[in-house]
Amino acid sequence: MCESAIDAVHPRFSKKPASFYKGFKIALVQMMVGADKAQNIETAVREIHKAKSQGAHIVALPECFNSPYGTKYAEEVPSGATSRALSRAAAEARVCVVGGTVPERCGGALYNTCTVWDGSGKLLAQHRKMHLFDIDIPDKITFRESEVLSAGDQITTFEYQGVKIGVGICYDLRFSEMAHLMAKQGCSVLIYPAAFNMTTGPKHWELLAKARANDEQLWVALVSPARDTEAGYVAWGHSTLVDPWANVVAKLDEKPGTLLADVDLSIVEEVRSQIPVRVQRRTDVYDTVLKTKC
């Protein structure tokens, strides 16, 4: 079979530290986000250290964790106050931090951006939300993110202690092509900081997590802010972890809390060997490809 028809080798078969050979512990921090940016950052830092003390190797924060939804508190990455705080917390706790999202200002453009920091505080990855939330559900919700935000144009993956992980943001979850490209690059885990609303959350939050996990035979983590019914944008909550069999391993309700769970990488191999769709795709007929820029 030609090489182009085969997905990347699963990262467990590559050399990695023994502690990550079978898996790792992930913490999804579903925090309440208030109007005080400094207080939100302080809460996030405290929860990072708390999760590390409970054995977490990777700590993920929710979308819009440092301020209410909007661009009022936009800052540069990685020089802004939020980035500096996350870098310092990751280094002090010696844990990988998937830093939810912050409103990023870059030149004249604004982005919804996730930063990822390794255990030394180094910036591992920066993902700008690719798919902007422009929808109209009559008598329910109308939203036009593109009126304010610019869209990112990069698929984002990173490697931490030998494990390849992909990152998407909220609406990115709906696009299976994006997840497939991350899986083709060798990802065994996808993490989506997200804040589905009270209309789409009940309908599609868990469904989409299970669909992406089933399609790509990998772990999917969704991490949401806690629900604040007094906020201008009310999040669904229900941070969720789904395994490669599309089983919901753990989930929260709408209240603040931290989902702490083991990610067993052997299940990825188990599913992919028993249902080998990755090598059965008819790439002579169809394929999903990553376009290169000029």
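Both V268 and F158 are assigned to one and the same hydrophobic cluster, defined by single-linkage of ILVMFWY side chains at heavy-atom distances under 4.5 Å. V248 and L190 end up in different hydrophobic clusters when Ile, Leu, Val, Met, Phe, Trp and Tyr side chains are linked at under 4.5 Å. Follow the hydrophobic side-chain contacts under 4.5 Å out from L86 and you never reach L124; the two are in separate clusters. The cluster map of Ile, Leu, Val, Met, Phe, Trp and Tyr, joined by side-chain heavy atoms under 4.5 Å apart, puts F65 and V77 in the same cluster. Under a hydrophobic-cluster definition in which Ile, Leu, Val, Met, Phe, Trp and Tyr are linked whenever side-chain heavy atoms come within less than 4.5 Å, directly or via other members, Y192 and W205 are assigned to the same cluster.
Checked by atom type, the side-chain pair H180/E216 shows a donor-acceptor distance below 3.5 Å. Counting only N and O atoms by type, the side chains of Q126 and Q154 include no donor and acceptor under 3.5 Å apart. At a cut-off of 3.5 Å, with distance as the only test, no side-chain donor of Q217 or W245 sits close to an acceptor on the other residue. N112 and E63 form a side-chain donor-acceptor contact under 3.5 Å, judged by distance and modelled atom types alone. Under the 3.5 Å distance criterion, with hydrogens and angles disregarded, no donor-acceptor pair is assigned to the side chains of D215 and S176.
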Check: For V277 and Q280, what are the C-alpha separation, side-chain angles and deciding distance, and is it a side chain to side chain contact (heavy atoms under 4.5 Å, CB included)?
Finding: CA-CA 5 Å; V277 295; Q280 293 173 334; 4.3 Å; yes
Check: Do L61 and V223 pass the side chain to side chain contact (heavy atoms under 4.5 Å, CB included) test, and can you show the C-alpha distance, the side-chain angles, and the key distance before you say yes or no?
Finding: CA-CA 7 Å; L61 302 174; V223 53; 5.9 Å; no
Next item on the list: List the steps, then state whether side chain to side chain contact (heavy atoms under 4.5 Å, CB included) holds for R174 with T200.
Entry: CA-CA 11 Å; R174 290 186 179 273; T200 60; 3.7 Å; yes
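Under the 4.0 Å criterion applied to side-chain N and carboxylate O atoms, E75 and R105 are not assigned as salt-bridge partners. The existence of a salt bridge linking D287 and K184 is confirmed by a sub-4.0 Å separation between a basic side-chain nitrogen and an acidic carboxylate oxygen. Ion pairing of K129 with E145 is present here, as a side-chain N (NZ or NE/NH1/NH2) and a carboxylate O approach within less than 4.0 Å.
For the pair K37/I41, a side-chain contact is recorded, criterion being any heavy-atom separation below 4.5 Å from C-beta on. Between D118 and C96, every side-chain heavy-atom pair lies at or beyond the 4.5 Å cut-off. The closest side-chain heavy-atom distance from I165 to V163 is below 4.5 Å. Using a 4.5 Å heavy-atom cutoff, the side chains of M130 and I155 are in contact. In this structure, V95 and I48 have side chains that are in contact, with non-hydrogen atoms separated by less than 4.5 Å. Put simply, the side chain of K52 does not reach to within 4.5 Å of the side chain of E92, judged on heavy atoms. A heavy-atom distance below 4.5 Å is not found between the side chains of L241 and K251. Taking the side chain as every heavy atom from C-beta outward, V45 and E42 never approach each other to under 4.5 Å.
For R227 (side chain) and V234 (main-chain N/O), no donor-acceptor pair under 3.5 Å exists by modelled atom type. For Y233 (side chain) and A195 (main-chain N/O), a donor-acceptor pair under 3.5 Å exists by modelled atom type. With R84 contributing its side chain and P78 its backbone, the two residues share no donor-acceptor pair below 3.5 Å. A donor-acceptor pair under 3.5 Å is formed between the side chain of N40 and the backbone N or O of D36. Using modelled atom types, one side-chain atom of N197 and one backbone atom of T199 make a donor-acceptor pair closer than 3.5 Å. Put simply, the side chain of E104 never gets that close to the backbone of L110: no donor and acceptor are under 3.5 Å apart. The backbone N or O of Q39 lies less than 3.5 Å from a partner atom in the side chain of T43, making a donor-acceptor pair. Judged by distance alone, with hydrogens and angles left aside, the side-chain atoms of S273 form a donor-acceptor pair with the main-chain N or O of E270 at under 3.5 Å. Using modelled atom types, no side-chain atom of H204 and backbone atom of P202 make a donor-acceptor pair closer than 3.5 Å.
If you take CG on D172 and OG1 on T156, they are separated by 8.5 Å, rounding to the nearest 0.5 Å. Taking CD1 of I191 as the start and NE2 of H127 as the end, the distance is 12.5 Å to the nearest 0.5 Å. We find the OH-CZ distance between Y111 and R128 to be 4.5 Å, quoted to the nearest 0.5 Å. Rounding to the nearest 0.5 Å gives a distance of 4.5 Å between OG1 of T258 and CD of E47. For the atom pair OG of S87 and CH2 of W117, the computed distance is 5.0 Å after rounding to the nearest 0.5 Å. L181 CG to L290 CG: the interatomic distance, rounded to the nearest 0.5 Å, is 5.5 Å.
Residues T71 and P103 share a closest heavy-atom pair of CA-CB, 4.1 Å. Scanning all heavy atoms of the two residues, the minimum distance from C187 to T157 falls at SG-CG2, 3.5 Å. The minimum heavy-atom distance linking S224 with P62 is given by the pair C-CB, 3.2 Å. The two residues V167 and M178 have their closest heavy-atom pair at O-CE, 3.7 Å. The minimum heavy-atom distance between G23 and L265, with the atom names listed, is CA-CG, 3.9 Å. The two atoms that bring V59 and A51 nearest to each other are CG2-CB, 3.7 Å, heavy atoms only.
Open room surrounds CD on E76; 12 or fewer heavy atoms of other groups in view lie less than 6.0 Å from it. Counting heavy atoms of neighbouring residues, nucleotides and ligands inside a 6.0 Å radius, atom CZ of R94 does not exceed 12 of them. Counting non-hydrogen atoms of neighbouring residues, nucleotides and ligands closer than 6.0 angstrom, the NZ atom of K25 exceeds 12 such neighbours.
Checked against the 6.0 Å centroid criterion, the rings of Y171 and H131 do not qualify as a close aromatic pair.
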